[in-house]
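One structure below.
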Amino acid sequence: MPEGPEVHLASRFVNDACRGLVFGGCVEKSPVSRNPEVPFESSAYCISSSARGKELRLTLSPLPGAQPPREPLALVFRFGMSGSFQLAPSEALPAHAHLRFYTAPPGPRLALCFVDIRRFGHWDIGGEWQPGRGPCVLLEYEQFRENVLRNLADKVFDKPICEALLDQRFFNGIGNYLRAEILYRLKIPPFEKAREVLEALQQHRPSPELTLSQKIRAKLQNPDLLELCHSVPKEVVQLGGKGYGPESGEEDFAAFRAWLQCYGMPGMSSLQDGRGRTIWFQGDPGPLAPKGGKSRKKKSKGAQQGPEHGSEDPLLPSTAPSRTRGAQRGLSEQTTAWQPEGTSLSQDPEVPLVPKKGRRRGRPKTSGPRRPQKIKAENGGT
């Protein structure tokens, strides 16, 4: 799913694509979307974007003299598993374009589209960032660091560090691939207790005798976990391009794939955490590793293919979701079950929980391995 860097790249894409364009008319929502209608109409308006953590804000600003007279309107998007923004000709809208903003005449009519295959994405009207999310790891580093170290008594830090890193109250913007890359670089076992990893940072203070340049050099040479939560996502943003996803092009995705060191890489091991999400790592998993969990090591065969396909590793372009009746029913149930209102941010709210497995009464037990469901991953709108 799109993480902080992909959402920031999506915001950059929107600003670049919409620069100089004039939009007009009503905002159009697809009939199948469960998200709210957008009550906005203007004869001429412009679109701008900003990002914070895993959220993106669109601002619709009427131009001088536009009719009817009205105030700007802001929308905040959360991308879910597959959200993205695309600019397309109005006569060739992409599939699953659930919200559409059309350009005004003259000139070819274009549409800025929020595209979301799996429909876990959500938008809120009013422009307020979701309450409870912590400071952005990319843009609000000092506030982010202070928020974590000030709240180490929170019970989330009793959990393994790999699980705490997905708590958006403290690590707003960190997701599955980022947590693996950050822990791998520091050689921190993913199932070490989070508080024990982070408490040492409270005592860490640079010597007052060091000059500013020496302090900066020391941080660059020996970054701690919270510093990497800022710098590693920044590296992904600096890769540029369109991020990952089927429409990003092989050249763009190749740069991201070459950047990965741990997530889904050959020779790395993996386990499921307490929420059923896969964490990739190297070496000892740590003392809080789930009992009975079997570590799987990624084989070197197909090393050039990058991360595995599957719902836990949705980085590579793959086939679209199954269109069988059962698959459609399962997707509908998941979409209905996910409710952003009141969602606990102690887990990544865009990721549906892995359902517990069990036998259905009256059905014979099947044997043999089950094929993992492949999903068509999309980048963060870039």
Side-chain angles (χ1 to χ4, degrees), residues 1-23 27 45-61 72-88 94 97-101 103 110-117 121-124 127 129-130 133 135-141 144 168 171-175 177-178 181 229-260 314-315 317 350 377-382:
M1 62 170 287
E3 302 185 18
E6 287 69 49
V7 175
H8 282 259
L9 285 169
S11 178
R12 179 186 295 178
F13 165 79
V14 170
N15 285 327
D16 290 344
C18 297
R19 186 175 293 116
L21 293 181
V22 175
F23 293 80
V27 178
Y45 67 96
C46 61
I47 295 179
S48 60
S49 174
S50 60
R52 182 178 185 266
K54 288 190 178 183
E55 295 183 294
L56 180 147
R57 177 191 285 152
L58 279 192
T59 302
L60 316 180
S61 303
L73 178 70
L75 307 168
V76 169
F77 289 80
R78 294 183 290 281
F79 283 23
M81 292 288 287
S82 60
S84 69
F85 277 96
Q86 297 181 33
L87 186 67
H98 295 301
L99 198 64
R100 304 178 282 270
F101 308 85
T103 57
L110 303 174
L112 178 69
C113 305
F114 179 65
V115 180
D116 187 12
I117 293 176
H122 188 80
W123 60 80
D124 290 320
W129 303 118
Q130 188 180 25
R133 285 183 182 264
C136 175
V137 296
L138 269 165
L139 301 181
E140 302 167 314
Y141 170 68
F144 150 69
Q168 300 299 292
F171 297 92
N172 187 12
I174 300 297
Y177 82 78
L178 284 172
E181 297 298 318
C229 285
H230 169 68
S231 63
V232 172
K234 195 173 180 180
E235 288 178 16
V236 180
V237 173
Q238 290 172 343
L239 290 175
K242 297 180 179 179
Y244 61 75
E247 73 278 5
S248 66
E250 177 59 25
E251 182 178 349
D252 283 336
F253 183 73
F256 175 79
R257 184 170 56 195
W259 172 86
L260 289 170
L315 294 181
E350 287 82 17
E378 294 201 273
N379 69 319
T382 59

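For reference, positions follow the sequence shown, starting with 1. Computation of the quantities below employed the complete heavy-atom set of this structure, encompassing side-chain atoms and omitting hydrogens, waters and symmetry-equivalent molecules.
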Report the distance from atom [atom1] of [X] to atom [atom2] of [Y], rounding to the nearest 0.5 Å.
X    : Y    : atom1 : atom2 : value
L58  : C18  : CG    : SG    : 7.5 Å
I47  : T59  : CD1   : OG1   : 10.0 Å
Q86  : L110 : CD    : CG    : 13.0 Å
E140 : R52  : CD    : CZ    : 4.5 Å
E6   : Y177 : CD    : OH    : 3.5 Å
S50  : E55  : OG    : CD    : 10.5 Å

Worksheet item: Is any side-chain heavy atom of Y45 closer than 4.5 Å to a side-chain heavy atom of L73?
Response: no
Worksheet item: Can you find a pair of side-chain heavy atoms, one from H8 and one from C136, that are under 4.5 Å apart?
Response: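 In contact.
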In terms of the angle between their ring planes, are [X] and [Y] parallel, tilted or perpendicular, with boundaries placed at 30° and 60°?
X    : Y    : value
F85  : F114 : tilted
F171 : F144 : perpendicular
W123 : F77  : tilted

Worksheet item: Does the side-chain contact (heavy atoms from CB on, under 4.5 Å) test come out yes or no for L178 and V137, once each step is laid out?
Response: CA-CA 11 Å; L178 284 172; V137 296; over 6 Å; no
[X] and [Y]: which non-hydrogen atoms are nearest, and at how many Å?
X    : Y    : answer
G173 : K54  : CA-CG, 3.8 Å
S49  : V14  : CB-CG1, 3.7 Å
I174 : Q168 : O-NE2, 3.1 Å
G121 : D116 : N-OD2, 2.7 Å

Practice prompt. Would you check, one step at a time, whether the test side-chain contact (heavy atoms from CB on, under 4.5 Å) holds for N172 with W129?
Written response: CA-CA 11 Å; N172 187 12; W129 303 118; over 6 Å; no
Closer than 3.5 angstrom, by distance alone: can the side chain of [X] be matched with the main-chain N or O of [Y] as a donor-acceptor pair?
X    : Y    : value
D124 : V76  : no
S82  : I117 : yes
E3   : G175 : yes
H98  : V115 : no
R78  : H122 : no

Item to complete: Verify side-chain contact (heavy atoms from CB on, under 4.5 Å) between L21 and L112, making sure each step is shown before the conclusion.
Response: CA-CA 10 Å; L21 293 181; L112 178 69; over 6 Å; no
Worksheet item: Does the pair L99 and L75 meet the rule for a side-chain contact (heavy atoms from CB on, under 4.5 Å), with working shown?
Response: CA-CA 11 Å; L99 198 64; L75 307 168; 4.2 Å; yes
